[in-house]
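When reading the values below, keep in mind they use all heavy atoms of this one structure, side chains included, and skip hydrogens, waters and symmetry mates.
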Amino acid sequence: MTGTPNPLRTPRFYLALAAVALAAAILQFRLGQAAPPQLLFAWLSHLLGVPWIFNLVHALPWGLDAYAKHALLAASYLIAAGFGALFALWAVARPWPVRLAAALGLALAGTGGVLLPLAGAGFFGLAPDNYAYPPLPVLLAAAGLAALFALLLDGAPRRAATDEGRRRSLKGLALLAAAAAWPLQLARAAGDLWARIRGLAPEITPTKDHYQVSKNVVNPKLRADRWRFEIGGLVETPLALTLEDLKALPAVERPSTLICISNPVGGRLVGNSVWTGVRLRDLLERAGVRPEASELVLRAADNYSDSFPLDAALYEETILAYLQNGEPLTADHGYPARLLVPGIYGMKNVKWLTRIELVDEDYRGYWQKRGWSDRAVVRTMSRIDTGVATPTGDGRVAIGGVAFAGRRGIRAVEVSFDDGRSWRAAELKPGSSRITWTLWRYLWQAEPGRYTVTVRAVDGEGRTQDPTPRPPLPDGATGYHRRKVRVV
């Protein structure tokens with residue numbers, strides 16, 4: 001009995017699919033080359049900025065919101081696999097030249113006419129501001145993957161299974177299992193490279209390494225059993241909570257980056273921790289904010305005070321935190337509780353917090369009376385962490401660093417080797433959120449020697465980092481970070 005089987009029921013189809021997925025992952029994670037699933041992901045990831053989707057994702061329990069981008073990347077590969085299945089149903093009975101020609105045509109037309117425009121790179125990647133997806137390599141990658149898939153599909157008629165056929169099927173299944181395991185090995189290898197880049201900051205800053213700044217020579221050391229937190233001023237029902245009261249309330253966990261307004265260009269007064277606490281807006285709802293209130297005044301146990309607008313207090317990410325990286329706050333980081341307000345500099349993320357007052361006028365705190373910014377909105381920054389490039393094992397070297405833009409997030413990071421006359425797109429590490437820093441890396445073929453590298457970032461709203469050199473006072477430093485990097 002002869003006939004052409006359903007390709008979706010044959011090991012050969014899944015082997016072809018796994019091989020193409022593996023090749024796409026190698027292009028993306030090992031070679032830094034965009035493949036169709038990555039272009040699809042670039043478009044889908046914009047959905048995370050849609051307000052209702054953003055709120056839905058960040059309302060997920062158990063910290064699942066941190067894996068939103070991973071889920072979108074997996075969805076991109078699954079969508080690509082779905083189109084592969086549709087193609088296989090049509091192509092499996094065609095001669096291989098027809099399959100190959102059709103696969104190449106669809107890959108080039110779909111990538112150039114659909115995926116590149118969706119990714120913001122323009123028709124066939126010809127947009128003038130397309131730095132991330134050079135058209136020729138992207139189209140060649142898509143064509144290569146399509147050709148591989150078309151040639152691995154088996155459209156030949158089959159006889160009833162024989163012993164030899166069964167042996168081949170088992171061999172195919174073994175190869176399929178090996179291919180399925182490769183993406184995990186690939187992810188480990190990619191992760192290893194991020195970890196191996198010399199000087200690159202870890203994604204989560206260990207508490208002992210997280211910067212801390214205060215006005216004090218000796219910071220307060222408060223006792224939990226004597227600490228009280230109050231909310232008063234223009235509220236309907238003033239609140240007074242102990243630390244145990246605070247811990248009894250529903251808790252949230254938020255990775256969030258803090259940066260000091262006095263951080264210079266390329267400086268180290270910035271860190272990223274996972275904070276646990278209670279949403280401030282939940283506490284304000286309990287207190288009942290009166291309509292005329294417009295600002296919060298924060299007071300601390302060391303007589304420090306500052307303020308910020310009521311709008312920022314109602315952010316989903318603004319929390320009264322009592323844990324840092326899963327442990328109680330240290331004395332230097334504000335034990336027993338401190339405020340985390342994304343998007344504004346660290347001086348307004350008050351430590352050793354004891355009281356919040358709702359007021360109807362602008363309040364100028366400790367540093368504002370000394371000439372520092374009252375709004376203190378975080379400026380987009382980027383930093384080169386690598387002084388000596390790291391060999392990748394394939395003839396290239398890698399450098400890396402961090403970028404941060406407050407609540408705006410980071411869309412792109414670019415590096416220059418000619419003092420800003422031309423720019424090359426760096427790769428961003430997946431998984432960062434809008435309120436955390438983003439790790440970046442750049443891989444290139446380099447001869448031994450010293451290179452002057454410049455970095456800049458583009459925030460999530462599409463605005464490029466301010467290149468004008470300015471000191472931190474009064475609004476935060478601006479300018480591009482430049483560093484000598486040695487290749488050995």
Would you check if the side chain of [X] reaches a backbone N or O of [Y] as a donor-acceptor pair within less than 3.5 Å?
X	Y	value
H210	T205	no
T386	R198	yes
W423	V413	no
K484	Y451	no
K351	A331	no
R383	G267	yes
Q465	A457	yes
W227	L353	yes
Q324	V274	no
D306	G365	no

Out of curiosity, [X] [atom1] to [Y] [atom2], how far, rounded to the nearest 0.5 Å?
X	Y	atom1	atom2	value
L320	R338	CG	CZ	10.5 Å
N263	L258	CG	CG	11.5 Å
R411	R463	CZ	CZ	10.0 Å
K247	T242	NZ	OG1	10.0 Å
F404	N272	CZ	CG	8.0 Å
T454	R483	OG1	CZ	13.0 Å

Do the side chains of [Y] and [X] get nearer than 4.5 Å, heavy atoms only?
X	Y	answer
W440	I410	no
L310	L296	yes
V235	L284	no
I261	R379	no
W352	L329	no
L340	R254	no
V488	R486	yes
V265	P469	no

Distance-only donor-acceptor check, side chains [X] and [Y], under 3.5 Å:
X	Y	answer
T478	R470	yes
T438	S432	yes
T380	R408	yes
Y363	S305	yes
E327	T207	no

Check: Does NZ or CZ of K215 fall inside the cone over Y366's six-membered ring, less than 6.0 Å from its centre and within 45° of the axis?
Finding: yes
For [X] and [Y], which heavy atoms make the closest approach, and how far apart are they?
X	Y	answer
V397	A389	CB-CB, 3.8 Å
T392	A398	CG2-CB, 3.9 Å
P336	L243	CB-CD2, 4.0 Å
A376	M347	CB-CE, 3.6 Å
Y322	G277	CE2-CA, 3.7 Å
T436	P255	CG2-O, 3.3 Å

Item checked: Stepwise salt bridge (Lys or Arg N to Asp or Glu O under 4.0 Å) test for E230 and R228 -> CA-CA 7 Å; E230 299 176 347; R228 295 293 185 274; over 6 Å; no
Crowding at [atom1], [X] (>12 non-hydrogen neighbours, <6.0 Å):
X	atom1	value
N216	CG	yes
Q445	CD	yes
R375	CZ	no

Notebook entry, point to check: Under 4.0 Å between a Lys/Arg side-chain N and an Asp/Glu carboxylate O for D385 and R268?
Noted result: yes
Check: What do the steps show when you test Y345 against S373 for side-chain contact (heavy atoms from CB on, under 4.5 Å), and what is the final call?
Finding: CA-CA 10 Å; Y345 282 109; S373 173; over 6 Å; no
Item checked: Trace of the side chain to side chain donor-acceptor pair (under 3.5 Å) decision for T330 with D332 -> CA-CA 5 Å; T330 64; D332 286 341; 5.6 Å; no
Item checked: Results of side-chain contact (heavy atoms from CB on, under 4.5 Å) for E285 - residues two or more places apart only -> D282
Margin query: Among residues at least two apart in sequence or on other chains, which ones pass side-chain contact (heavy atoms from CB on, under 4.5 Å) with A312?
Written below: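 Per chain and number, A312 pairs via side-chain contact (heavy atoms from CB on, under 4.5 Å) with F308, Y315, V341.
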Next item on the list: Indicate, with yes or no, if the rings of W444 and F417 have centres closer together than 6.0 Å.
Entry: yes
Notebook entry, point to check: Under the side-chain contact (heavy atoms from CB on, under 4.5 Å) criterion, do L40 and L115 qualify, and how do the steps go?
Noted result: CA-CA 6 Å; L40 192 57; L115 293 179; 4.1 Å; yes
Notebook entry, point to check: Can you list the steps and then say if D374 with K348 is a side-chain contact (heavy atoms from CB on, under 4.5 Å)?
Noted result: CA-CA 9 Å; D374 190 25; K348 291 182 177 289; 3.8 Å; yes
Note to self: Using the rule given for side-chain contact (heavy atoms from CB on, under 4.5 Å), can you reason through T318 versus R281, listing the C-alpha separation, both sets of side-chain angles and the distance that settles it, and then say yes or no?
What the structure shows: CA-CA 8 Å; T318 299; R281 74 180 187 189; over 6 Å; no
